[in-house]
*Asks:* 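Sending over a structure as structure tokens; questions will come in a sec.
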Amino acid sequence: MNKAKPKKNKQTSKIWGGRFQKDSSEIMKTINASIWFDKKLVFHDISLSKAHSNMLYSKSIISNIENKKIQKGLNLIEKEISNDKFVFSDELEDIHMHIEARLIQLIGETGKKLHTARSRNDQVATSFKMWVRDEVDLVLELIKNLQSALIFQAQSHINTILPGFTHLQPAQPISLAHHLLAYVEMLGRDKSRMEDAKERLNQSPLGAVALAGTSFPIDRFATAKALGFTKPMDNSIDAVSDRDFVLETLSNASIIMVHLSRFAEEIVIWASPGFNFINLPDTFSTGSSIMPQKRNPDAAELIRGKTGRVASAFYNVLTMLKGLPLAYSKDMQEDKEPFFDAFDNLKLCLKVAEGLIREVEFNIEAMGSMADLGYITATDLADWLVKECNIPFRDAHSITGKVVKHAERNRLTLDNITMEDFKTIDKRITSDVFKVLSLKNSLKSRASYGGTSPKVVNKALKQAVKKWLE
Ligand code: ARG
């Protein structure tokens with residue numbers, strides 16, 4: 001057993017090393033260091049430090065000269081980072097300590113005053129919130145671009161008919177524009193969820209310090225304002241231990257990815273020769289290394305594939321947080337990597353989806369021929385029987401079933417069945433029925449609010465431009 005006592009009077013070089021006699025083990029430094037991922041927060045953390053220092057001066061906690069020195073030092077560090085001259089190392093754990101240590105190197109003793117009335121606990125919560133807020137803004141912009149691409153395509157397809165599916169079985173004729181606008185609506189809700197989250201998260205933790213506040217006469221409202229927050233958070237314990245802003249934005253990101261994934265799945269299906277609804281653009285598809293005839297929908301598949309990755313980032317942070325007592329625990333350092341990864345991939349997928357939809361070519365004929373196959377105006381026939389012959393819907397449904405059976409047996413579309421055959425199935429049917437059996441008339445007839453008729457969709461498109469793009 002190693003009974004050697006630690007040598008007296010020896011200290012570690014760590015910023016927090018006052019009470020320590022030995023340095024951390026190498027493996028401890030490795031697990032403890034977050035610098036390799038939290039260095040992303042550098043500019044946010046420097047802005048935070050500038051605001052904090054200005055506030056310390058305004059409350060006479062530091063002098064004007066000291067504040068000026070600190071501001072100058074922080075500006076220098078910013079330049080070093082931008083010019084790739086800044087040295088990172090495991091020794092200094094995280095971005096907050098890196099900046100502080102470098103500040104002390106650059107401006108000397110005054111640099112040691114910056115950490116007055118603040119802690120890494122409120123610092124990290126604040127810097128990360130600022131990062132998340134910026135990412136939300138980027139995502140909002142990308143969602144808008146994707147909506148604009150969908151609306152752009154929809155504008156030329158108000159009269160393009162395809163079979164609408166339920167259970168992936170041809171159900172009723174719809175227009176391509178109507179189908180694309182469904183995604184525009186989903187993305188609109190995604191956007192508003194992100195906006196909600198942003199509003200909720202936009203309160204400043206800074207000044208909560210370690211967890212209990214401080215005895216210094218700080219002005220939390222001033223730093224909150226300087227950093228673009230609406231106000232300081234009301235409870236200092238909550239301020240340093242809240243990570244629901246990460247959960248909320250990741251859960252919103254997961255929902256967006258699920259929407260993108262459903263869209264991607266449709267691209268994959270539509271590009272398959274059995275459907276042939278779309279021609280994938282060269283720019284967003286790939287070939288096979290062995291099968292020269294192939295054109296693969298990799299872009300869409302990767303969007304679909306990355307959905308699990310984003311959703312698991314949400315579960316990752318959810319699980320990390322669930323057992324943590326208040327206030328800060330180091331576990332929370334694990335909130336950043338999943339967020340960074342999820343949002344990088346989310347942004348990538350939004351951009352790819354936009355490019356793909358802008359450039360895809362729709363195969364109007366193939367959509368039309370599949371619409372012709374599936375007896376998809378059967379509901380129109382049933383509705384006609386209700387409206388024109390006063391037959392209760394359940395009976396109309398059953399009569400229509402017989403008509404479809406007849407058509408299937410004789411390989412006919414519904415509008416090719418003869419009047420004679422209609423009469424044998426039900427005497428009450430008249431030649432007026434042909435008005436509702438064509439795809440075009442069926443489409444036109446669905447003019448209820450939110451329906452697929454070209455007139456309604458035309459209006460919806462105009463509204464969509466106003467609602468989402470202006
Ligand atoms: N790197 C840490 C994190 O990301 C910063 C906060 C450290 N706080 C502490 N009390 N050790 O969470």
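In each ligand, atom 1 is the first atom listed, and ligand 1 is the first ligand listed.
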*Asks:* Is it the side chain (CB and beyond), the backbone, both or neither of F128 that lies under 4.0 Å from ligand 1, heavy atoms counted?
*Replies:*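 None of F128 does.
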*Asks:* Go through ligand 1 atom by atom and flag the ones less than 4.0 Å from a non-hydrogen atom of D94.
*Replies:*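 Under 4.0 Å from D94, ligand 1 has these atoms: 1 (N), 2 (C), 5 (C).
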*Asks:* Using residues 202-216 as the side-chain source, report each donor-acceptor pair under 3.5 Å to any protein atom, sequence neighbours left out, with the distance given to one decimal.
*Replies:*
residue, atom, partner, partner atom, Å
N202, OD1, R133, NH1, 2.8
N202, ND2, G228, O, 3.1
S204, OG, L206, N, 3.1
T214, OG1, F216, N, 3.0

*Asks:* Just wondering, are more than 12 heavy atoms of other shown residues or ligands nearer than 6.0 Å to NZ in K72?
*Replies:*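 Check fails, neighbour count at 12 or below.
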*Asks:* Got a sec: does the NZ of K225 have more than 12 other heavy atoms crowding it under 6.0 Å?
*Replies:*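 Open: at most 12 neighbouring heavy atoms sit under 6.0 Å from NZ of K225.
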*Asks:* Indicate yes or no: does an N/O atom of H96 lie under 3.5 Å from an N/O atom of ligand 1?
*Replies:*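 No.
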*Asks:* Is ligand 1 under 4.0 Å from a heavy atom in the side chain of Q123, in the backbone, in both, or in neither?
*Replies:*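 Within the 4.0 Å criterion, Q123 makes no contact with ligand 1.
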*Asks:* Taking only heavy atoms of K336, which atoms of ligand 1 are found under 4.0 Å from at least one of them?
*Replies:*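 Numbered from 1, ligand 1 contributes 3 (C), 4 (O), 12 (O).
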*Asks:* At a 4.0 Å threshold, what atoms of ligand 1 neighbour a non-hydrogen atom of N121?
*Replies:*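 Going through ligand 1 atom by atom, the ones under 4.0 Å from N121 are 8 (N), 9 (C), 10 (N).
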*Asks:* Looking only at the side chains, is there a donor atom on one of Q123 and H52 sitting less than 3.5 Å from an acceptor on the other?
*Replies:*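 Distance-only check fails for Q123 and H52.
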*Asks:* Atoms of ligand 1 less than 4.0 Å from S34 heavy atoms?
*Replies:*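 Counting atoms of ligand 1 from 1, those under 4.0 Å from S34 are 1 (N).
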*Asks:* Could you say whether the N/O atoms of R243 and ligand 1 ever approach to under 3.5 Å?
*Replies:*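 In fact, backbone or side chain, R243 has no N or O that close.
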*Asks:* With no hydrogens and no angle check, do the side chains of D190 and N252 hold a donor and an acceptor under 3.5 Å apart?
*Replies:*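 Side-chain D/A pair, D190 to N252: absent.
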*Asks:* Assess whether a salt bridge exists between K112 and E109, defined as any Lys/Arg side-chain N lying under 4.0 Å from an Asp/Glu carboxylate O.
*Replies:*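 Yes, this pair counts.
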*Asks:* Which residue and atom name correspond to the protein heavy atom nearest atom 3 (C) of ligand 1, and how close is it?
*Replies:*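 Closest protein heavy atom to atom 3 (C) of ligand 1: Y328 OH, 3.2 Å.
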*Asks:* If you count every heavy atom of other residues, nucleotides or ligands that lies below 6.0 Å from F88 atom CZ, does the total exceed 12?
*Replies:*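 Yes, the 6.0 Å shell around CZ holds more than 12 heavy atoms from other groups.
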*Asks:* List ligand 1 atoms under 4.0 Å from Q333, heavy atoms only on the residue side.
*Replies:*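 Reading through ligand 1 atom by atom, the close ones are 1 (N), 2 (C), 3 (C), 4 (O), 12 (O).
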*Asks:* Quick one: nearest non-hydrogen protein atom to atom 11 (N) of ligand 1, plus distance?
*Replies:*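 Residue, atom and distance for the closest contact: R120 NH2, 3.6 Å.
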*Asks:* Among K351, K40, K336, K306, exactly one meets salt bridge (charged side-chain N to carboxylate O under 4.0 Å, His left out) together with D344. Which residue is that?
*Replies:*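 Only one of K351, K40, K336, K306 forms a salt bridge (charged side-chain N to carboxylate O under 4.0 Å, His left out) with D344, namely K40.
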